[in-house]
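For the numbers below, each heavy atom of this structure counts, side chains included, while hydrogens, waters and symmetry mates do not.
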Amino acid sequence: MHIEGLEGYASIFSPFFGTNQRTDAEGGKNRDDWPKKSHFGSDIQNETTGGTNMARPSSAGELDAVALETALLEQWKQESAFQASIESRRNGAPFIFLEGPPTANGKPGIHHVVARTYKDLVCRWKTMEGFLVERKGGWDTHGLPVEIEVQKRLDLMSNEQIEAFGMDAFNQACRESVWTYEAAWREMTERMAYWVDLDNPYVTLHNDYVESCWWALKQMFDKGLLYRGHKVLPYCPQTGTSYSSHEVALGYKEVEEPSVYVKFKLIDDDASILAWTTTPWTLPGNVGLAVGPDVTYVRCRIKEAAGESWEGVGGAEVGEEIILAKDLMKEVLRHHVDIIDEFPGSSLVGQAYESLFPEAVPRGDSTTAWTVLEADWVTTTDGTGVVHTAVMYGEDDYNLGMEAGLPAYHTVGMDGSFVSGTHPELDGKYVKDCDATIIALLSASGGSNGKGPDSGLLYREKAYSHDYPHCWRTDHPLLYYAMDSWFVRMTAVKEKLLEFNDNVEWAPDWVGEGRFGEWLRNVKDWAISRERYWGTPLPVWRSEEGEMKCVGSIEELQAEVAKAIAAGIENPECPDDVDLHRPIVDNYTLVSDDGKPMHREPFVMDCWFDSGCAPFAQWHHPFDGGERFNASFPVDYICEGVDQTRGWFYTLLAVSATVFDSMAYKRCLSLGLILDAEGKKMSKSRGNIVDPWDHFNREGADATRWYMVTAGAPWNPLKFDSNGVRETYAKMFLTLWNVYKFHVDYAALDGFDPLKSESPVEQRSELDRWILSRLHTVALGYHDGFVNWQYHKACRDLEDFVVNDLSNWYVRRSRRRLWDEAESGDKLACQHTLHEVLTTLCKLIAPVSPFMVDTIHRNLNGSSVHQADWPVGVPGSIDGATADAWDEAAAKATATLPLQDLALEATMTLIRELAEAGRRIRIDVGRRQRLPCAQGWIVAGPDLANFHDLLAEELNVESIHVENDLDRFQRIELAPNFRALAPKARAQVNDVAAAIKGAEDPEALLEAIRNGGADVLGVTVEESDVEVKRVERSGFAAQTVEVGEGEASMHVSLVLDMNDTPALLSKGMARDITRRVQAKRKALDLAIEATIDLEVWMENAPEMLQEDEAWVAHETRSAGCVFHPEGSSAPGEAETFEVDGTIVSFIVS
RNA sequence: GCGCGGGUGGCUUAGUCGGUUAGAGCACCCGGCUGAUAACCGGGAGGUCGCAGGUUCAAGUCCUGCCUCGCGCACCA
């Protein structure tokens, strides 16, 4: 069988065509029998993964990434590849990863894939580095989102309804609901190849987990860090629920409400202080007035009655005196006044005033109630510069009240109506319905307390529109309401938090120093209790007298229950496996030391507390797994979205600092948000979540993962662009596959076995040594990128290597080497090189995109890439290594990178530049690529003799020469070196620069400069002030390229001979004809070995040489080939093309 | 309002210590090349580097102010 057709293509570029042709193919292997369309599945034919003797690769089929990945998933499962990858590093130094638990009550989206990719790639990378990286999965299963889902489903819109439904049944529904999307999560996790142990995860609702949380809380309790207080929360009286800020954000609406200016009559003074509020219902609860100590206030007297424009209720009489901030007089006052006095707020402090509703709040033992207080947050941006303070109905109010010792007394019940005893006209009424009543009461003569001026206590009413939070379920306005609450005294450990945080390696560092550091510097006590049902119950029991007991384990609970029973308090049984959830734990009544019954505080804990306990609760520490815990705390690496800064990143640290007096994690990668293609945040409510399966099922998980990593720095917001995934697939993975396929198809055909043959590197061609050196250089940079969290740069550079260096140059330049059927050292060298490059490449890519490279690695080496060592070294396996430190030299010695030769890399860069320059020259002068040039000259630069053949082929020239007389083709240009010149020339620098650039005779100027400096516009220019560039002289078909940098830079010119000879024209025409006929063959879908009959007609053609006609016949496998003489016309059915004025027609039959 | 991070051709982005022609990829146009893949090569068009000031011989880069987007905090009386 003949295979010249194939060879013919190889020789198209070659000026030496004919020399490679093999005439005797009889008995040769049929290279057209390759499995063109075979399913890749046939590639995964190695049954063993651990063996290294399965080294003879088999050929590859067309790429079907999705099928490849799904088949591999099955194989991984059968082999327990994940477990195996860990077991084989069992003796390595541990690198501890902690999985942030997701909630499985929502469908996973592409944003989850991003976080999981970064988690996975670091774990896989560290594993390949020889570390033992175990990855326990985790699920966050408590909390409000779960309750809300269930409430929606069961239509339970208030706490009352939940309790009527039954807390038991409700919590059971929650317990089931948290697994709604577990299957979806599991499928996504597996499909994307996030290797994490989902078969033995930690689950926050498990009794063991809850027990550890209890234990942790008791540690805090015992250290005096847990206390009971109030927290002012947005609260919906209709649903009986308070809301987290997140939910509040869902319900902001702009509303217009009455705001009132109220006169607070001073007791020892005739004047009134004017204060403003938008919530009249809080006025009965008023117990203080806050002023800014440094704000300037005025006392002013009403001079005359208000003008006609006065509208609405309220007012003041002539002679009344009013105090308010000076800046706000114009805004507020509707009367002409005389300013009597001016003073800072501090001088008002301590003055007592008449309570508006004397019955509403009992004074208790407060000495500061109904006096003026100071607060530095008081501003004069609106209101009167005096802030009405109702302790229980505003956060600032509450804090001020606690500080100043105001009575903390509710005037409003949990149902949203005034408690009885507030005022006869208000008692029992819903607060929002009382605005008019309150305004009327204040406006009455003497005011609501009868002690005000005749004009009443209301000065003004003004409609005020602002954004106010509403219940997202019932649409009712929320009330800021002080709720009973439990706190962890984080303020007590603030310095520790800051210190621990300083030792965390943050990526990026500004999140740690900035956002997170800022949060810590302003740390507030952590409100950990929630008036909810589904969560870890707060394990605190309390008697009516206020005695408290915190229970830290089941055993302790059992003991306490027994004690209570012994004291005569009835209790249900408390078995070893008692469910530690509500309502079961609510049913236990304990006994205080003085014999009083104690009931559990009816709260569950903030579910963030649960996840903050993960480092130890996942092992049920301290009840079980003590060693396990001790060996894995603090953890080495966590990675989540930046939205966890105040979430998990914080609660981990908060719990570890308070419980263990330690940091929780040593390294934290904080990921940017994932946005949709338009830059909007991906969220369920927006409905713009990208389904990862869209890409898993199209481009595959490899491409999806690689895209996400290369699209930008991990901490930058990622605009997820579906088209980018496609691009990544086409560029990176198709290219890689085709390089692989190219290698492996020939390797299979030739029976190449990397273990049974050798090819010493030093004997390989420059091209081989070049790509190996590039691989070395790129691998080092790649590794460096990983170390510095610059995955995006690392992967972009690697992709460039694959596409550009490997596929586009090495493989393109090497094709002919493998086409040669005879065994040859050069072919073997190429196969070994490809084998080595691909093998190392697979290892480098494996952490990021683990599928295709495993298929490739298995076929090339007979083993999984996920068992392979990191080519840059395996520090984890070094004696005495830890996740933080190891013997650098020893680690370096474990690297397996090929020889690096930077000089060779530089030379090849130059060669490639020259090849490009040659193409540019042809474009410039309009000489087509197929028309050979007689000769080319290389001017200046290093010795490239070894590459002349290569260049001749690339450039399609018959021969390459070195031109030593630089001035024949090059001239000099001078460019100013601003850095050197600027200090000397100062303001003149631009003129001097222009003079240097525009010098009429640059050669002479350079000579003058070299001879001790030239005077340019009065400035002495020395050699260091200029850069000398050599460029091609005009009038030649030439291009100059610059390679290298600074001192080492070179200007090399390429000159092509544009003179035609009959031989060149004939040869060029032969190629054009051949090319067209080959295209026709392909269009006809002819088999490569099929022969044809060819007839050619030409007009205005160069004279064809005999040998070129023969060559055409040979190349096109024409049994019969007729070149009709000039002048005979072609039949109509002939195909015609034109090249350089020659019209060619041909018929293939 | 405060803090952090962005704003560079239609899109995605690179840009070091401030150095004079702002670099890529996608898409587009022209040409070339191809038994090389969803390719490859050469060329072209497309940029007031968010706006306005300032520093400097020189600003995408440094400073100030503003606009705008994202995130977080405080969103108040």
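- Closest contact between the side chain of A:Arg930 and the listed nucleotides B:rA77, B:rU34, B:rA38 involves B:rU34.
- Checked by atom type and distance alone, the side chain of A:Arg922 pairs as donor or acceptor with a backbone atom of A:Leu931 at under 3.5 Å.
- For the OP1/OP2 pair of B:rU13 and a distance below 4.0 Å, the side-chain nitrogens and oxygens of A:Arg796 include no atom meeting the criterion.
- Nearest to the side-chain atoms of A:Ala730 among the listed nucleotides B:rA38, B:rA77, B:rC57 stands B:rA38.
- Look at CG on A:Asn399: it is 13 Å from C1' on B:rC76, rounded to the nearest Å.
- For the pair A:Leu718 and A:His388, both in contact range of RNA chain B, the more 5′-proximal nearest nucleotide belongs to A:Leu718.
- For B:rC4, the paired nucleotide is B:rG70, the pair qualifying as Watson-Crick or G-U wobble because both relevant distances are below 3.5 Å.
- Minimum atom distance to the side chain of A:Glu727 is reached by B:rG25, of the listed B:rG19, B:rG25, B:rU37.
- With hydrogens and angles ignored, the 3.5 Å screen pairs a side-chain donor or acceptor of A:Asn286 with a backbone N or O of A:Gly288.
- Residue A:Leu734 is in base contact, counting any heavy-atom pair closer than 4.0 Å across all strands shown.
- Here the CG-CG distance, from A:Leu955 to A:Leu950, works out to 9.0 Å after rounding to the nearest 0.5 Å.
- Counting only heavy atoms from C-beta on, A:Asp396 has its side chain closest to B:rC76 among B:rA77, B:rU37, B:rC76.
- Of the possible donor and acceptor atoms, one in the side chain of A:Thr389 sits under 3.5 Å from a partner among the backbone N and O of A:Val387.
- The distance between the ring centers of A:Tyr707 and A:Tyr729 does not fall below 6.0 angstrom.
- If you check every strand for non-hydrogen atoms under 4.0 Å, A:Lys793 touches sugar and phosphate atoms only.
- The C1' atoms of B:rC63 and B:rC26 are separated by 37 Å, rounded to the nearest whole Å.
- Only the C1' atoms considered, B:rC28 is 10 Å distant from B:rG10, to the nearest whole Å.
- Contact annotation for A:Tyr729: base contact, defined as any heavy-atom pair under 4.0 Å involving a base atom.
- Straight-line distance between the C1' atoms of B:rG60 and B:rU16: roughly 13 Å, to the nearest whole Å.
- At B:rG32, none of the side-chain N or O atoms of A:Arg922 fall inside 4.0 Å of OP1 or OP2 (strictly under the cut-off).
- Nucleotides B:rA24 and B:rC40 place their P atoms 15 Å apart, quoted to the nearest Å.
- For A:Arg912 and A:Asp805, the salt-bridge test passes: some basic side-chain N is under 4.0 Å from an acidic carboxylate O.
- Across all strands shown, B:rC49 forms no Watson-Crick or G-U wobble pair with both distances under 3.5 Å.
- B:rA77 atom C1' lies 18 Å from atom OH of A:Tyr398, rounded to whole Å.
- Nucleotide B:rU56 is matched to nothing when pairs are restricted to Watson-Crick or G-U wobble geometry with both distances under 3.5 angstrom.
- Judged by distance alone, the side chains of A:Ser670 and A:Trp506 never bring a donor and an acceptor atom under 3.5 Å apart.
- Between A:Arg796 and A:Glu799 there is no salt bridge, since no side-chain N of the basic residue sits under 4.0 Å from a carboxylate O of the acidic one.
- Rounded to whole angstrom, the span from the NE2 atom of A:His792 across to the P atom of B:rU12 amounts to 17 Å.
- Taking the P atom of each, B:rC49 and B:rG43 are spaced 25 Å apart, rounded to whole Å.
- Proximity note for A:Lys719 (side chain, C-beta onward) versus B:rU12, B:rC57, B:rU37: the nearest is B:rU12.
- RNA chain B is contacted by both A:Val642 and A:Thr282; A:Val642 maps to the nucleotide lying nearer its 5′ end (nearest heavy atom per residue).
- If you measure from atom CG of A:Leu981 to atom P of B:rG18, you get 19 Å, rounded to the nearest angstrom.
- Separation of the C1' atoms belonging to B:rA45 and B:rC51 is 27 Å when rounded to the nearest angstrom.
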Note to self: Using the rule given for side chain to side chain contact (heavy atoms under 4.5 Å, CB included), can you reason through A:Leu914 versus A:Val1041, listing the C-alpha separation, both sets of side-chain angles and the distance that settles it, and then say yes or no?
What the structure shows: CA-CA 7 Å; A:Leu914 288 173; A:Val1041 299; 4.0 Å; yes
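- Within 4.0 Å of A:Ser807, counting heavy atoms only, lies at least one base atom of the nucleic acid.
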Notebook entry, point to check: When you look at A:Val291 and A:Val378, which way does the side chain to side chain contact (heavy atoms under 4.5 Å, CB included) test go after all the steps?
Noted result: CA-CA 6 Å; A:Val291 296; A:Val378 174; 5.6 Å; no
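- Residues A:Trp519 and A:Phe649 keep their aromatic ring centres 6.0 Å or farther apart.
- Straight-line distance from the CZ atom of A:Arg726 to the P atom of B:rA38: 11 Å, rounded to whole Å.
- Atom-to-atom, CG of A:Asn956 to P of B:rG32 comes out at 15 Å; the value is rounded to the nearest Å.
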Between the protein and nucleotides 6-8 of chain B, list the N/O to N/O atom pairs that are separated by less than 3.5 angstrom.
none

Item checked: Criterion side chain to side chain contact (heavy atoms under 4.5 Å, CB included) on A:Phe720 and A:Met708, from CA distance to verdict -> CA-CA 8 Å; A:Phe720 192 91; A:Met708 293 187 300; 4.0 Å; yes
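- Separating the CG atom of A:Asp327 from the P atom of B:rA77 is a distance of 19 Å, rounded to the nearest angstrom.
- B:rU37: no Watson-Crick or G-U partner with both key distances under 3.5 Å is found in any strand.
- Remark: A:Thr278 is in phosphate contact with B:rA77, judged by side-chain N or O atoms under 4.0 Å from OP1 or OP2.
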Can you name the atoms? Protein N/O to nucleotides 40-43 of chain B N/O, anything below 3.5 Å, with the distance.
residue	atom	partner	partner atom	Å
B:rC40	O3'	A:Asn808	ND2	2.8
B:rC41	OP1	A:Asn808	ND2	3.4
B:rC41	O2'	A:Arg919	NH1	3.1
B:rG42	OP1	A:Glu916	OE1	3.1

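- Among the candidates A:Tyr481, A:Tyr398, A:Tyr480, the single residue satisfying the ring pair (Phe, Tyr, Trp, His ring centres under 6.0 Å) test with A:Tyr393 is A:Tyr481.
- B:rU8 and B:rU55 have their C1' atoms separated by 23 Å, with the value rounded to a whole Å.
- B:rU61 makes up no base pair with any nucleotide shown, lacking Watson-Crick or G-U wobble contacts both under 3.5 Å.
- For the C1' atoms, the distance linking B:rU13 with B:rG7 amounts to 13 Å, nearest Å.
- Atoms CZ (A:Arg979) and P (B:rU16) sit 12 Å apart, rounded to a whole Å.
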